[in-house]
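The next block holds one structure in the form of structure tokens; read it before the comments.
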Amino acid sequence: MWFFVRDPVRDFPFELSPEPAEGSPPGPWALHRGRKKATGSPVSIFVYDVKPGAEEQTQAAKAAFKRLKTLRHPNILAFIDGLETDKCVHVVTEAVTPLGVHLRTRAEAGGPKELELSWGLHQIVKALSFLVNDCSLIHNNVCMAAVFVDRAGEWKLGGLDYMYSAQGNGGAPPCKGIPELEQYDPPELADSSGRAVRETWSADMWRLGCLIWEVFNGPLPRATALRNPGKIPKSLVPHYCELVGANPKMRPNPARFLQNCRAPGGFMNNRFVETNLFLEEIQIKEPAEKQKFFQELSKSLDSFPEDFCRHKVLPQLLTAFEFGNAGAVVLTPLFKVGKFLSAEEYQQKIIPVVVKMFSSTDRAMRIRLLQQMEQFIQYLDEPTVNTQIFPHVVHGFLDTNPAIREQTVKSMLLLAPKLNEANLNVELMKHFARLQAKDEQGPIRCNTTVCLGKIGSYLSASTRHRVLTSAFSRATKDPFAPSRVAGVLGFAATHNLYSMNDCAHKILPVLCGLTVDPEKSVRDQAFKAIRSFLSKLESVSEDPTQLAEVGLPAPAPTPAPPTPVTSGHWEAQEEGKDTAEDSGAADRWDDEDWGSLEQEAESVLAQQDNWSTGGQASRAGQTRNPDHKSPESDWSSWEAEGSWEQGWQEPSPQEPPPEGTQLTSEYNWGGPEPSDKGDPFADLLARREVGTQPRPDSWGDDNWGDDGLETESRQAKAELARKKREERRREMEARRAEKKAAKGPMKLGTRKLD
């Protein structure tokens, strides 16, 4: 009868690399990289092969296996699984790298920072304090080979092969028999008389001094080199000298050594160590303490190691949001840490949290998400935007808090390319029409026009034909002067989307009306836009073959005349009945002449009242730095500068604004400084009241498709055609009269054919 014998190594749920990893510690252990077969997660596997005649090493390896399995501490190598047979011992731990390899890699990348080293040494000393003071154990093997580093940069103490009891009930310390490890033994161990008075921790603290020397100076060549601190930081040198002193009685306990190094000005007294200590105890901290910690965390992240941010800070941020009700304060550090992630990691770890945040009713959360959308928009796919994010974002258009409405409009610049047909051309245009026509805040109306000009190219052809001309024409009637400027520049920004008939019959009449605007900046932009549109139309009139070159959509085809095309072709075309416009044509104007128009917007709006700065600052006589730009976004040059960044009207008591929101009353709504030179245009038009509610009968109608401008344009077109027909009739009658006078009376019996 045959029996099946299981191979415990083959059935081991972990798979290890065939070759040892770089930097395997000296001694019988070989370090291999491995992974868990079920999940593929990385691990480290320490392998000891049992050899005949090495009973002492085998006993030490098995003792290390038991110690590691029973000792649990954040600063001691974490045990996962193990296998012990007659032929081998396998110890599976968290994925780690030997400290020597880690420091060499960091040196090639520019060298480890003192912050990183201070926290690493803090962890090793804390592990020694745990062993000595809590477990009454002597490690007996503290050196570079016994320290490992995980993926977050955390230092872990391993090498437990030669550990023994500090109470002396386990017999003499085990013999190492490895010269590379024995060189770290303190000098008093060589004194066979036993007269040296020492503490239980004295030998381990000497070895800690050797470790500190090697961390800053490299491998220790001999014990006498410890007399020269070398590159050890000055703040650490006094405490280092205590560790390597000749008198073992004077070497401090690990707990006291930590206390000394954490004193003001000490090597371990810094923001990085404090952050790590707080994260280790974050579960027992008060909510107010957590809020303050996360608010201040962003300032320090730039100086922290990248691995630490990715693998230690990020999980704590996600946990704080998911279970700790941390709220909006985690957003800034969360997105800052997100810069260190790959696209795949970002999708897995941060995007689900972001999507969940958009459904929050917390106004501070919503406004911070909108303000920082630029940092994560590239990781959002179109289905997620349209089904899970946009439905929540559009509520901001109806919010009673103007700051929310402001940021919602602004966010459309980033969301528009990812919106589907219904959301972009129907839902969004409905909200834009209402905001531009009826919002009580002039800057919001202005920037709605700005945003529409920016996303115009994403709209469908039918929506562009129905919306753009009416929307920008309405903006030119806004009582808020920057809105009128935005309307003119909106035409400029979307000039390649209009047909010739649109330019001639709809846009130019509107621009001409602005040439007598009370504000000079509006007049200047109107004249510039008129010249640009006219130059394009004139070039096509002189040479119709340039139509494709200048980019204008071609006019609708008209019936071919019976006579050859002459210079009066354009006049005949105006008299034709077919005036349909093909707004979806592929031909477009080039951008050659419009670049300068858009680039001059900042200087144009600088002539306006300083409406974008807080009134309080204006009253205090403060001046705004013209070179200042908001880091949160890069609006085009034709945006009203500063209009996105300033405060708003004080909300009702029931709806308190988020922290830092300014008031509408803080805008400088007044006119420019009085000038001795009068404005000749002031008498042409009544001065519009800035900041008043728009009149529904003038520009407040939010139905862009039925705008009165289009009706007026058709009436003017019909009147012009009637006048031309009347003039042509009179010309024909005059010609007939001239012919009759030249030929004299007709003969009887003949018939004159005209």
Side-chain angles (χ1 to χ4, degrees), residues 465 469-470 473 476 491 495 498-517 523 526-583 585 587 589 593 684-685 707-754:
H465 178 71
T469 305
S470 299
S473 298
T476 62
F491 279 128
H495 66 87
Y498 307 112
S499 67
M500 288 187 302
N501 285 325
D502 281 341
C503 296
H505 297 151
K506 295 183 179 181
I507 298 175
L508 283 174
V510 173
L511 295 176
C512 289
L514 295 175
T515 57
V516 291
D517 192 274
R523 299 195 299 268
F527 282 122
K528 185 180 290 288
I530 289 171
R531 286 192 292 268
S532 298
F533 274 100
L534 284 178
S535 66
K536 299 292 185 180
L537 292 174
E538 186 177 7
S539 64
V540 176
S541 176
E542 295 295 332
D543 184 5
T545 60
Q546 296 183 9
L547 186 63
E549 297 179 8
V550 298
L552 280 174
T558 57
T563 57
V565 177
T566 63
S567 60
H569 167 68
W570 296 102
E571 178 182 352
Q573 181 180 355
E574 291 298 336
E575 295 180 13
K577 295 181 180 179
D578 188 4
T579 59
E581 300 138 2
D582 183 11
S583 63
D587 297 331
W589 287 17
D593 295 337
L684 296 178
L685 291 176
D707 194 276
L709 176 66
E710 192 168 348
T711 303
E712 294 175 4
S713 177
R714 287 197 295 269
Q715 293 175 354
K717 201 183 303 180
E719 181 66 18
L720 180 62
R722 186 189 64 78
K723 290 181 179 180
K724 288 188 176 182
R725 287 195 299 272
E726 185 66 23
E727 291 176 359
R728 188 165 181 80
R729 185 183 62 79
R730 287 197 295 266
E731 289 178 5
M732 295 297 294
E733 290 178 353
R735 290 179 183 176
R736 292 192 186 99
E738 290 176 359
K739 290 180 181 179
K740 289 179 181 180
K743 295 181 179 180
M746 292 185 295
K747 296 180 181 181
L748 295 174
T750 63
R751 188 175 183 180
K752 180 67 175 178
L753 298 176
D754 290 334

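When reading the values below, keep in mind they use all heavy atoms of this one structure, side chains included, and skip hydrogens, waters and symmetry mates. Computed from a predicted structure; not experimentally measured.
- Side-chain N or O atoms of S473 include one that pairs as donor or acceptor with a backbone N or O of T469 at under 3.5 Å.
- Nearest approach of M500 to V540, heavy atoms of both residues: SD-CG1, 3.8 Å.
- Taking every heavy atom of both residues into account, P509 and A504 meet most closely at CD-O, 3.4 Å.
- The OG atom of S539 sits 10.5 Å away from atom CG of L534, with the distance rounded to the nearest 0.5 Å.
- With R729 as the fixed residue, the side-chain contact (heavy atoms from CB on, under 4.5 Å) test singles out one of E731, R725, E733: E733.
- K528 NZ to R523 CZ: the interatomic distance, rounded to the nearest 0.5 Å, is 15.0 Å.
- Here the CD1 atom belonging to I530 is positioned 11.0 Å from the CZ atom belonging to F491, to the nearest 0.5 angstrom.
- Interatomic distance, F533 CZ to L511 CG, rounded to the nearest 0.5 Å: 6.5 Å.
- For the atom pair OG of S541 and NZ of K536, the computed distance is 15.0 Å after rounding to the nearest 0.5 Å.
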Carefully, step by step, assess D502 and H465 under the rule side chain to side chain contact (heavy atoms under 4.5 Å, CB included).
CA-CA 9 Å; D502 281 341; H465 178 71; 4.1 Å; yes
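- Remark: E538 pairs with no residue by the salt bridge (Lys or Arg N to Asp or Glu O under 4.0 Å) rule, at least two apart or across chains.
- Under the salt bridge (Lys or Arg N to Asp or Glu O under 4.0 Å) criterion, R730 pairs with E726, not counting sequence neighbours.
- Separating the OG atom in S499 from the NE2 atom in H505 is a distance of 9.5 Å, to the nearest 0.5 Å.
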